[in-house]
Amino acid sequence: MTDHETPLPPDELGQRLTEVYDLVGPLYRRAQRSVERGLTDGELSLGVRAVLTLLHRNGPMTVPQMGRAQAISRQFVQRMVNEAADQGLVESVPNPAHRRSSLIRPTEKGAAAIGEVLRREHALLRETGGGLTEAEVTACLRVLGELLKALDPVDDD
């Protein structure tokens, strides 16, 4: 094992992961502004965009499932689902697994809207510089996944 492959001691790991958190906040806020300023042409709020993205990637979901997946309250997700439904972007359908918790799925209009947003994002992100490798992106995803897991005990509601 090389020095780069040896797990870090806890104190050093804590310091390095703090550096990750220091980047994630500004990254998230800049991504939000990017969406607000043009990736959706003002058609979708960030919350509705998040709902449509979840449904695009995972298929029909319940409001509680979406809340857990995004680590946000069911109440907020319900407001975003209601907003999306008012715009004709999602619809509620019976859930064979649970009578009281309907499945939410995108309408054709909603699928087309999120498809266009994701195409625009892809075009923007493919211009990312730095010569990033598959291994680096995989490592980044692993680190962020571990940070997310470490925060599992935090109450989302």
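Quantities reported herein were computed from a predicted structural model and do not represent experimental measurements.
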Nearest heavy-atom contact between Ala112 and Arg119 is O-NH2, 4.2 Å

Here the gap from Met80 atom CE to Leu52 atom CG, rounded to the nearest 0.5 Å, amounts to 11.5 Å

In this structure, CD of Glu12 is separated from CG of Leu17 (nearest 0.5 Å) by 10.5 Å

(Q) A side-chain contact here means heavy atoms from C-beta on lying under 4.5 Å apart; do Leu147 and Val143 qualify? (A) yes

Report yes if the side chains of Arg105 and Leu55 come closer than 4.5 Å at any heavy-atom pair, otherwise no. no

Do Val81 and Val93 land in one hydrophobic cluster if side-chain heavy atoms of ILVMFWY residues count as linked below 4.5 Å? no

One should read off an interatomic distance between Gln65 CD and Leu54 CG, to the nearest 0.5 angstrom, of 10.0 Å

Interatomic distance, OG1@Thr18 vs CG@Leu13, rounded to 0.5 Å, equals 9.0 Å

**Asked** If you measure only the distance, is there a donor-acceptor pair under 3.5 Å linking the side chains of Gln15 and Asp11?
**Response** no

- Is there side-chain contact between Arg79 and Val63, with heavy atoms separated by less than 4.5 Å? no

Spell out, yes or no, whether Leu148 and Leu141 are grouped together once hydrophobic residues are joined by side-chain heavy atoms under 4.5 Å, including indirect joins.
no

same_hphob_cluster(Leu125, Leu27) at 4.5 Å side-chain heavy-atom cutoff = no

- Query: If we only count heavy atoms from C-beta on, is the His98 to Thr62 side-chain gap below 4.5 Å?
  - Reply: no

Residues Lys109 and Gly88: closest non-hydrogen pair is CB-O, 3.8 Å

Separation between NZ (Lys149) and CG (Asp152), nearest 0.5 Å, reads 8.5 Å

Between Glu116 and Arg120 (salt bridge meaning N to carboxylate O under 4.0 Å), is one present in this structure?
yes

| query | Between Thr107 (side chain) and Leu89 (backbone), is there a donor-acceptor pair under 3.5 Å? | reply | yes

Legend entry - Residue pair Thr138 / Arg142, side-chain donor-acceptor N/O under 3.5 Å: no

Close side-chain approach of Leu103 and Pro96, heavy atoms under 4.5 Å = yes

Looking only at heavy atoms, the pair that brings Ala69 and Met61 closest together is CB-CE, 4.3 Å

Query - Residues Val90, Val48; criterion side-chain contact (heavy atoms from CB on, under 4.5 Å); working and verdict - result: CA-CA 10 Å; Val90 298; Val48 169; over 6 Å; no

Separation between CG (Leu118) and CZ (Arg49), nearest 0.5 Å, reads 6.0 Å

